[in-house]
Amino acid sequence: MTPSKSPTAPPGAPPARTTRVAGRPALRLGPASWVLRVRALLVPVLGLALLVLLMAVNIGRGDFPISVGSVLDVLLGGGSRRDQFIVLDLRLPRSLTGALVGAALGLSGAIVQSIARNPLASPDVLGITWGASAGAVTVVVLGGSAGGISGLASSLGVPLAALAGGLIAGLAVYLLSWRRGIEGHRMVLVGIAISTLAVNLTNWLLTLGDVNDAARAMVWLTGSLNGRGWEHVQPVAIALALLVPATLFGAHALGALRFGEDTARGLGVRVNTARALLVLFAVLLAAVATAGAGPIGFVALATPQIALRLSGVGQPPLIASAVLGAALTVGADLVARTAFGAVELPVGVLTASLGAPYLMFLLVRGRRKVRA
Amino acid sequence: MTTTDTDVQSSSNGPASTGPANTGSASTGSASTGQRSEVRLRASQLRLGYGDRLIVDGLDLDVVSGTVTAVIGPNGCGKSTLLRALGRLLAPRGGSVLLDGERIDKMSTRQVARILGVLPQTPQAPEGLTVADLVARGRHPHQTWYRQWSSADETIVADALRMTGMLELADRPVDELSGGQRQRAWLSMALAQGTDLLLLDEPTTYLDLAHQVDVLDLVRQLHAEAGRTVVMVLHDLNLAARYAEQLVAMRDGHIVTQGPPDEVLTEDMLREVFGLEARIVPDPVSGGPLVVPIGAHFR
């Protein structure tokens, strides 16, 4: 193509003074205004519907099957006493934990991938999840006796240790990959190193403990939603209630950050502050999720990329990533619980098996134009 | 951080240093075409570096309102480093940069972004991004999380696209454009930022000569139409002489000489700054100075 020589009037330019910009339809309400991206709006909405459906099916399945309709009835405040007990007290916490944990992982992955400007960067690859695992396993193995870990250590110690481990790993990656700024590929390389260290530490800890502790740790390490009650929902829900608004507030800066440091700073973004805060939020989200259900792999890596391709945007969309992360985790849990007869697999085994083929399909289909 | 007195720097460099240059409060919002002689940017005893390497040491520079200034000099002389400091992309080790009389490091990033636009060297657009979305990003310093695409934004973006002749290509991905078009797209983004002070770091890099002229014509037009103040780093001396009113020649992190092209571009200067033997002849088109390098072959 030949560029126009005249800067003002390229051949074929309409003489009329248009104030519309192609490809950026507006949504304006009073003082508020956004670019209207129908596809990017539909993905989280449909994702949410899918999530509710998956949760209803998941809750319905079990030793006492309940129909999807009855489950939804209970969730809306109706239903029989028996159904209420089974749904609300026994099964809902598990699905809810799965949904919250998945949402945290999806959101965390979307933030990290945007900041590193690298789709490989996710809390799992960067070692945050594995740091959290090492922390948790330390408590399981060293804190427990042959009979397993005692009440306080198990209910508080493991999640707190996971949180601490994740934060330490995240901090280490951020500081070590810092050199006059953050570059995606350096962050990924440092992350892989930290992640390998954490995995080795975990393996070493497993050889230290006795067989029972090691077995318990292994179940935790595959990522499991087994036996999750309201006491597990609470901390994850509180963390999300605080972190999601904080993250969304930073989303505007995130959009500029992917243009590179100098451009972002030139656009008025306090690059270091914004990036450090967003990474901190992402690390907290991943660590909280891991503390809640063990290191559920692949959700944080894949869902932002899936959300990005479904939405047709250039950068992992935060809300869509969270919603799809929740749906993928609950869907994986559903399959893990019910598809293999009496054997209940840990959810972590299934997330990769479900997410990977779909991501591959989207990758093969390729991408064309994207929207900001 | 060392602080220096912010007033009266005796910049001993040539006739460019504009007399009493009252900094005061330059009216920054309007891009009026009136001739003003305020100093928009003033670097005083500037010390810049990366890591333990000091690149610029004790540099003084005034950028006068409504002028087009080109910074020239050999590779690694600190041109880009200076530009980054002027645009607050790099914090000085010492000395200060004043933007409209105010210390730029005391201003917020956002405040600076509303007054001056920076176009970094070879900026990277995210994969697949359209021209419209790229240019709209220029509105960032004026937006909030709930006001991201107002009708004012849209008008300004459309104007910026029209000015660079990119309106028809608005819906195209940036990475499918030719080099010249891509540079126009980035210039549009800087324009959409709505500042009357622009810092351009080698806006002609990787462009063929026709596109270099094309982009510089555009820069000149921006200056002529709205009286914008432009500081740009340029490699081509002849284009710098043609398109800038002020040349700043740098070597080893300090300013060797500055002033109008016909005063700065001399055979002595080329020898001292670039280590280049050259003849200066009148430009047959503009009448200004034209550098003709001699080289070993014709000596």
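Order of the sequence lines fixes the chain letters, A, B, ..., with proteins taken first and strands second; residue numbering starts at 1 for each chain.
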Lys/Arg-Asp/Glu bridge criterion (N-O < 4.0 Å) met for [X], [Y]:
| X | Y | value |
| --- | --- | --- |
| B:D133 | A:R37 | yes |
| B:D217 | B:R220 | no |
| B:R228 | B:D196 | no |
| B:R184 | B:D214 | yes |

Need one label for [X]: side chain, backbone, both or neither, based on atoms under 4.5 Å from any heavy atom in chain A.
| X | result |
| --- | --- |
| B:T144 | backbone |
| B:E154 | both |
| B:R88 | backbone |
| B:Q121 | neither |

### Query
Side chain, backbone, both or neither: which part of A:V271 has a heavy atom under 4.5 Å from chain B?
neither
### Query
Which bit of A:R265 comes within less than 4.5 Å of chain B, counting heavy atoms only: side chain, backbone, both or neither?
both
For chain B, which candidate among [options] shows the most heavy-atom pairs at distances under 4.5 Å?
| options | answer |
| --- | --- |
| A:A264, A:G255, A:A251 | A:G255 |
| A:L27, A:L267, A:V269 | A:L267 |
| A:A32, A:G260, A:A26, A:A256 | A:A256 |

### Query
Is the B:W186 ring parallel, tilted or perpendicular to the A:F259 ring (thresholds 30°, 60°)?
perpendicular
#### Entry: Any donor-acceptor N or O pair under 3.5 Å, side chains B:D208, B:H211
yes
### Top of B:Q124, B:M189, B:Q143 for chain A proximity - count of heavy-atom pairs under 4.5 angstrom
B:Q143
### Summary
Note: vs chain A, highest number of non-hydrogen pairs under 4.5 angstrom among B:S150, B:P120, B:G179 is B:S150
#### Entry: Donor-acceptor contact below 3.5 Å, side chain B:R114 vs main chain B:P141
yes
### Query
In a check of side chain to side chain contact (heavy atoms under 4.5 Å, CB included) between A:D262 and each of B:D201, B:L89, B:L90, which one passes?
B:L89
